[in-house]
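All heavy atoms count here, side chains included; hydrogens, waters and symmetry mates do not.
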Amino acid sequence: MLKNKYYNVYLNKIIGLTIYCLFVIVCVFFIVYNATWTIGDQMQFLPLIKGHRISGFINPTMGRFMPLVFEDYNILWVISKMQIKIDEWVGICIFTNVLESQISVYSCYVINIIGFVALSIFLYLTLTKFVDKNSVFGVWEVVLSSMLFLLYSYKVQINTIYSERIMSLMIMIFIYFCIKFFETDKWYYALISLLAAVYSTYCKEPFFGCLIVFCVTILIYDRKLSKNGKVYIYLLLFNAVLFLILYCVCVLPQIQSAYNNDMRDGASKLSVLIKTICEQKLLVLFVPIVFFRMYKLLVQKDIANILFDALLFGGASYAVACYILVLDGDYYLIPAFAMMIPPVAYYLNKYVKSYISIIILLICCIYYLFVDYREVKQSQKIRVDTIERTSMLIDVCNNDKCIYFEPFDREESSTNWNEHVYWYFRNILKSYIAVRTGNFDFDYCETKPTSDFVNIKYCISNFKEEEAMSAYCVEYN
């Protein structure tokens with residue numbers, strides 16, 4: 001009987017891991033499929049086209065201080081400086097023959113793929129430390145919990161601009177090696193965990209508070225904390241406090257319009273809360289567990305799993321910070337859920353009947369599978385459209401036509417979309433023409449040129465209209 005039990009567990013592990021690996025492979029495919037630079041905030045990556053280093057996002061007037069947010073992409077810059085031809089081992093860039101750039105867009109998405117695969121591995125390994133992996137239900141809870149978080153956070157994996165992409169990996173590394181350290185008391189596990197936490201701190205402002213809550217919870221309630229454990233926790237706390245000091249000194253005095261959020265437009269806190277709950281369906285699962293564990297800890301003094309509670313409360317504090325700052329986008333809470341998914345999986349396994357927790361996780365996975373289907377579909381449309389539009393404008397350049405950028409109106413829309421279009425294509429075309437003809441820059445003019453030209457605003461706005469197909473390279477006199 002015991003032998004059959006072990007056999008069933010082993011068989012389910014093989015099946016579960018196979019499904020999980022196939023799932024990761026499919027996700028990797030859509031990360032890189034039709035990869036290209038797209039209109040919008042990705043214009044921050046255009047320096048990489050010419051082999052320049054990309055800087056972090058520091059804008060004191062907006063209250064933003066994320067100096068390490070894009071540092072993983074600078075691996076490509078380092079390699080390019082070593083005069084290694086990136087495209088020989090990462091694939092052929094869609095713009096290789098167009099831009100003849102040192103670093104291809106595919107290279108950037110290879111960084112995304114490496115990060116995503118590493119996240120999937122550390123996520124699975126971390127969850128095996130929280131859930132009983134020696135039972136059939138435990139095996140599937142690990143698989144489904146891992147898939148749930150990857151599905152929930154997939155939007156940031158198919159783009160290059162989100163800090164939550166690298167943060168989710170660093171947070172999982174932080175948690176995994178934190179647990180390894182407390183299990184073994186070996187200093188090198190603590191060092192890896194600490195470095196990952198430091199990196200995450202400088203990728204998004206609210207994370208320092210997450211670490212403070214985590215550290216304070218352990219210091220107050222963990223009565224068996226070793227000497228090395230205290231050193232580790234105090235170093236984490238020092239990192240969080242140091243970030244707060246730097247922020248208060250370098251950023252806070254210069255803030256003019258922090259985060260430019262909806263609260264500035266008169267939205268009430270209640271409406272923001274309702275919107276957040278509607279958009280963040282996982283809160284329905286996570287919030288009751290947070291309050292239940294707060295009751296168990298504060299009222300019943302249940303400190304048996306204080307490390308798990310510290311992670312849970314730390315993640316919850318990040319979510320609260322996002323609410324206060326009105327960061328209510330569908331991706332802002334990814335770091336919070338990264339902190340909370342392991343303890344949530346553990347407490348589901350502990351307090352809820354196994355088959356019920358499996359059903360809950362399965363329903364969540366199916367829901368986010370449909371969400372990601374729409375997200376991938378939209379992403380692919382944007383990618384394909386951008387490739388076609390850029391190729392069209394490159395053809396214009398090859399035919400020695402003049403490009404005229406319609407002046408954008410900053411008041412036209414709240415997102416300054418015309419400005420994004422202008423800067424994106426201006427930099428793409430400038431890079432291409434500079435490669436083709438030498439140093440080049442666009443001329444600024446007060447009025448519309450009288451010579452032959454192509455109006456880029458007209459081309460972009462009418463790109464998909466069949467009746468305008470002949471207007472792409474129209475000459476105006």
Test your reading of the model: is there a side-chain donor-acceptor pair from [X] to the backbone of [Y], 3.5 Å cut-off?
{"X": "Ser168", "Y": "Arg165", "result": "yes"}
{"X": "Ser153", "Y": "Phe149", "result": "yes"}
{"X": "Asn112", "Y": "Gln157", "result": "yes"}
{"X": "Ser379", "Y": "Glu375", "result": "no"}
{"X": "Tyr154", "Y": "Cys27", "result": "yes"}
{"X": "Tyr247", "Y": "Gly63", "result": "yes"}

Quiz item: Do other residues, nucleotides or ligands put more than 12 heavy atoms under 6.0 Å from the CZ atom of Phe29?
Solution: yes

Quiz item: Just wondering, more than 12 heavy atoms not from Lys350 lying within 6.0 Å of its NZ?
Solution: yes

Shortest non-hydrogen contact between [X] and [Y], atoms and distance:
{"X": "Phe70", "Y": "Thr160", "value": "CE2-O, 3.8 Å"}
{"X": "Leu285", "Y": "Leu348", "value": "CD1-CD2, 4.2 Å"}
{"X": "Tyr20", "Y": "Ser120", "value": "OH-O, 2.8 Å"}
{"X": "Leu119", "Y": "Leu169", "value": "N-CD1, 3.5 Å"}

Self-check item: Contacts of type salt bridge (charged side-chain N to carboxylate O under 4.0 Å, His left out), residue Arg383, not counting sequence neighbours
Solution: none

Practice problem: Return the orientation label for the Tyr202 and Phe243 ring planes: parallel under 30°, perpendicular over 60°, tilted otherwise. | Solution: perpendicular

Please output the side-chain donor-acceptor pairs of residues 352-371 that fall under 3.5 Å, not counting sequence neighbours, one pair per line with the distance.
unit_1 : atom_1 : unit_2 : atom_2 : d
Ser357 : OG     : Glu141 : OE2    : 2.7
Ser357 : OG     : Ser354 : O      : 2.7
Tyr367 : OH     : Lys281 : NZ     : 3.2

Quiz item: Looking at Lys296 and Asp309, does any basic side-chain N land under 4.0 Å from a carboxylate oxygen?
Solution: no

Quiz item: Could you state the interatomic distance from CG (Asn159) to CD1 (Ile382), rounded to the nearest 0.5 Å?
Solution: 8.0 Å

Quiz prompt | Atom pair CG (Leu17) and CG (Leu22), whose distance is rounded to the nearest 0.5 Å | solution = 11.0 Å

Quiz item: Does Gln280 have any side chain to side chain donor-acceptor pair (under 3.5 Å) partners at least two apart in sequence or in another chain, and if so, which?
Solution: Tyr152

Self-check item: Counterpart residues, side chain to side chain donor-acceptor pair (under 3.5 Å), relative to Lys180 (two or more places apart)
Solution: none

Quiz item: Got Tyr199 and Asp72 here, is their nearest side-chain heavy-atom distance under 4.5 Å?
Solution: yes

Self-check item: Counterpart residues, side-chain contact (heavy atoms from CB on, under 4.5 Å), relative to Ile14 (two or more places apart)
Solution: Tyr10, Thr18

Self-check item: Partners passing side-chain contact (heavy atoms from CB on, under 4.5 Å) against Val213 (at least two apart in sequence or in another chain)
Solution: Thr217, Phe313, Ser317

Assess the pair [X] and [Y]: is the distance between their ring centroids shorter than 6.0 Å?
{"X": "Phe308", "Y": "Phe130", "answer": "yes"}
{"X": "Phe292", "Y": "Tyr351", "answer": "yes"}
{"X": "Phe208", "Y": "Phe65", "answer": "no"}

